[in-house]
> 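Would you mind keeping the following structure in view while I ask a few things?
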There are 2 protein chains.
Amino acid sequence: MITELDDIDIRILDLLQHDARTTTKEMADKLGLTVTPVSVRIRKLEEAGYIKRYVAILDKDKIEKSLIAFTSIQLREHSQDALRSFEKAVTKMREVMECHRLTGRTDFLLKIAIRDMNEYNNFLMDKLAKLANIGSVQSHFVLSEGKAETAYPLTLNIQKEKGK
Amino acid sequence: MITELDDIDIRILDLLQHDARTTTKEMADKLGLTVTPVSVRIRKLEEAGYIKRYVAILDKDKIEKSLIAFTSIQLREHSQDALRSFEKAVTKMREVMECHRLTGRTDFLLKIAIRDMNEYNNFLMDKLAKLANIGSVQSHFVLSEGKAETAYPLTLNIQKEKGK
DNA sequence: AGTGAAAAGTTTAGCCG
DNA sequence: CGGCTAAACTTTTCACT
């Protein structure tokens with residue numbers, strides 16, 4: 001099993017989180033290795049859960065989900081049951097891509113992907129507003145995406161040591 | 001070139017956005033086709049820009065980016081230059097995974113991935129607060145992720161017609 | 001841990017219905 | 001537009017260092 005990542009593991013993770021189609025051969029060349037150790041390391045990283053999944057990122061405009069809303073929700077009641085049942089209900093909705101429970105006044109932040117404002121209105125009226133225990137809802141729409149990364153910032157061990 | 005997606009295209013996109021490692025053979029079996037048309041359709045979907053990229057999703061806790069913050073920013077000045085230069089500066093920061101320009105009182109919503117509160121504080125002090133034109137900053141931390149999808153909700157044409 | 005070569009699996013291309 | 005077959009490429013496994 002993996003105890004700690006070395007720089008080669010970190011570089012493999014970084015290559016894959018930017019382009020999951022990078023071949024083991026390409027990685028091997030960049031890392032100055034052959035394909036075998038790269039392949040073995042990837043399998044170990046997958047098994048140990050460092051890599052959760054591989055996904056394709058689609059163009060939201062092309063598939064007609066041009067409207068992205070960040071919707072913040074405050075509940076009226078904050079018992080464990082109330083929080084759980086809200087979360088359970090909302091995560092089932094297909095339009096809700098993300099549901100984050102937050103610190104501060106806002107209880108939940110949802111990321112909603114939908115066709116247009118008309119459909120967002122329907123979503124609010126027919127689905128969200130029908131949930132029990134909703135206190136207040138604020139909708140913020142995305143005007144432009146300056147950055148939309150799925151990759152986390154990774155730091156090599158050598159660089160970390162430099163910083164010390 | 002692709003004019004409109006048929007249901008087979010949509011199902012291919014949906015399979016890939018949930019698991020980019022699905023082989024053409026598996027898709028072909030699910031779709032009742034052979035690998036050739038699946039392979040051809042995927043290439044066309046890539047070329048037409050429906051599929052933007054393939055990425056690996058990492059486990060943030062395992063790579064020590066356990067703290068996720070949604071940070072909302074109001075600027076003092078809202079000229080085009082002011083907005084642009086803020087966005088340009090902030091998208092360069094590695095900790096900033098997403099930068100959305102929003103409607104409403106909040107100008108920008110940032111998603112920040114970082115090790116812990118201590119490093120978030122350093123990020124705020126040393127990087128974010130040093131930018132010109134910052135009006136106010138509110139930090140909201142993620143307590144738990146109820147849902148974190150990268151896949152958009154897709155609808156088959158048959159289902160759409162049912163809805164009519 | 002890594003190398004090199006062989007085996008298995010996957011994707012792509014050509015040709016035909 | 002899809003099926004079939006062959007070629008190219010990629011990933012995985014094995015013996016060896």
Side-chain angles (χ1 to χ4, degrees), chain A residues 1-59 62-63 151 154-161, chain B residues 1-59 62-63 151 154-161:
Chain A
M1 199 68 323
I2 297 178
T3 49
E4 218 194 332
L5 300 181
D6 64 14
D7 280 357
I8 296 177
D9 291 321
I10 293 171
R11 289 176 69 187
I12 290 174
L13 288 175
D14 208 30
L15 286 165
L16 287 174
Q17 74 170 168
H18 285 100
D19 180 5
R21 286 292 164 101
T22 318
T23 62
T24 49
K25 181 78 180 71
E26 287 176 274
M27 293 191 245
D29 290 344
K30 283 185 186 161
L31 300 166
L33 289 168
T34 54
V35 294
T36 313
V38 176
S39 168
V40 171
R41 279 166 182 268
I42 292 171
R43 191 174 41 72
K44 285 191 182 158
L45 289 166
E46 287 168 355
E47 282 170 3
Y50 286 86
I51 298 170
K52 292 205 292 189
R53 52 214 287 255
Y54 298 93
V55 301
I57 304 294
L58 306 187
D59 185 310
K62 289 242 160 63
I63 55 168
L154 294 182
T155 314
L156 297 176
N157 290 317
I158 347 170
Q159 289 172 332
K160 275 194 222 163
E161 278 150 37
Chain B
M1 198 69 322
I2 297 178
T3 48
E4 218 193 333
L5 300 181
D6 64 14
D7 280 356
I8 295 178
D9 291 321
I10 293 170
R11 290 177 67 188
I12 290 173
L13 288 176
D14 208 30
L15 287 166
L16 287 174
Q17 75 170 167
H18 285 101
D19 180 5
R21 289 293 224 245
T22 317
T23 62
T24 49
K25 181 78 180 70
E26 288 176 273
M27 292 190 244
D29 290 345
K30 284 185 186 159
L31 300 167
L33 289 169
T34 54
V35 295
T36 314
V38 177
S39 168
V40 172
R41 279 166 182 268
I42 293 171
R43 191 175 41 72
K44 284 191 183 159
L45 289 166
E46 288 167 355
E47 282 170 4
Y50 286 86
I51 298 169
K52 291 205 293 190
R53 51 214 286 255
Y54 298 93
V55 301
I57 305 293
L58 307 187
D59 184 311
K62 291 242 160 63
I63 55 168
L154 294 182
T155 313
L156 297 176
N157 291 317
I158 345 171
Q159 289 171 333
K160 274 193 223 163
E161 277 150 37

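Only heavy atoms go into these numbers, but all of them, side chains included; no hydrogens, no water, no symmetry mates. Residue numbering restarts at 1 for every chain, and letters A, B, ... go by the order of the sequence lines.
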> Got a sec, which residues hit salt bridge (charged side-chain N to carboxylate O under 4.0 Å, His left out) with A/D9, two or more places apart in sequence or on another chain?
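A/D9: salt bridge (charged side-chain N to carboxylate O under 4.0 Å, His left out) contacts with A/R41.
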> Among residues 47-56 of chain A, which contact DNA chain C at a heavy-atom distance under 4.0 Å?
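Correct list: empty, so none.
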> Identify, with sequence neighbours excluded, every residue that meets salt bridge (charged side-chain N to carboxylate O under 4.0 Å, His left out) alongside A/D29.
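If we apply the salt bridge (charged side-chain N to carboxylate O under 4.0 Å, His left out) test to A/D29, skipping adjacent residues, the hits are A/K25.
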> Can you list everything that forms a side-chain hydrogen bond (donor to acceptor under 3.5 Å, both in side chains) with B/D7? Sequence neighbours excluded, please.
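With sequence neighbours excluded, B/D7 shows a side-chain hydrogen bond (donor to acceptor under 3.5 Å, both in side chains) to B/N157, given in chain and number order.
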> Relative to the 5' end of DNA chain D, which residue comes earlier, A/V40 or A/E26, by the nucleotide with the nearest heavy atom?
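The residue closer to the strand's 5' end, by nearest nucleotide, is A/E26.
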> Residues in side-chain hydrogen bond (donor to acceptor under 3.5 Å, both in side chains) with A/T23, at least two apart?
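Listed in chain order: A/E26.
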> Identify, with sequence neighbours excluded, every residue that meets salt bridge (charged side-chain N to carboxylate O under 4.0 Å, His left out) alongside B/E47.
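Applying salt bridge (charged side-chain N to carboxylate O under 4.0 Å, His left out) to B/E47 gives B/R43.
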> Roughly how far apart are A/L58 CG and B/Q17 CD, rounded to 0.5 Å?
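If I round to the nearest 0.5 Å, the distance is 4.5 Å.
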> List the atom pairs, with distances to 0.1 Å, where a side-chain N or O of residues 30-37 of chain B and a protein N or O form a donor-acceptor pair under 3.5 Å, not counting sequence neighbours.
none

> Who pairs with B/E46 by side-chain contact (heavy atoms from CB on, under 4.5 Å), at least two apart in sequence or on another chain?
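B/E46: side-chain contact (heavy atoms from CB on, under 4.5 Å) contacts with A/R21, B/I42, B/I51, B/Y54.
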> So does B/T24 get a side-chain nitrogen or oxygen closer than 4.0 Å to the phosphate oxygens (OP1/OP2) of C/dT11?
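For C/dT11, OP1/OP2 do have a side-chain N/O of B/T24 under 4.0 Å.
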> Strictly under 3.5 Å: I want the nitrogen or oxygen pairs between protein and nucleotides 2-9 of chain C, one per line.
| unit_1 | atom_1 | unit_2 | atom_2 | d |
| --- | --- | --- | --- | --- |
| C/dG2 | OP1 | A/R41 | NH2 | 3.2 |
| C/dT3 | OP2 | A/T34 | N | 2.9 |
| C/dT3 | OP2 | A/T34 | OG1 | 2.5 |
| C/dG4 | O6 | A/T36 | OG1 | 2.9 |

> Could you walk me through whether B/D19 and A/R53 pass the side chain to side chain contact (heavy atoms under 4.5 Å, CB included) test, one step at a time?
CA-CA 7 Å; B/D19 180 5; A/R53 52 214 287 255; over 6 Å; no
> Could you check whether any side-chain heavy atom of B/L5 comes within less than 4.5 Å of a side-chain heavy atom of A/K62, counting everything from C-beta outward?
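Heavy-atom side-chain distance check fails, nothing below 4.5 Å.
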> Please report the distance, rounded to the nearest Å, between CG in B/L45 and C1' in C/dT11.
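Spelled out: CG on B/L45 to C1' on C/dT11 is 16 Å.
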> What range of DNA chain D does chain B touch, first nucleotide to last, counting atoms under 4.0 Å from its heavy atoms?
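So the outermost contacting nucleotides come out as D/dG2 to D/dC4.
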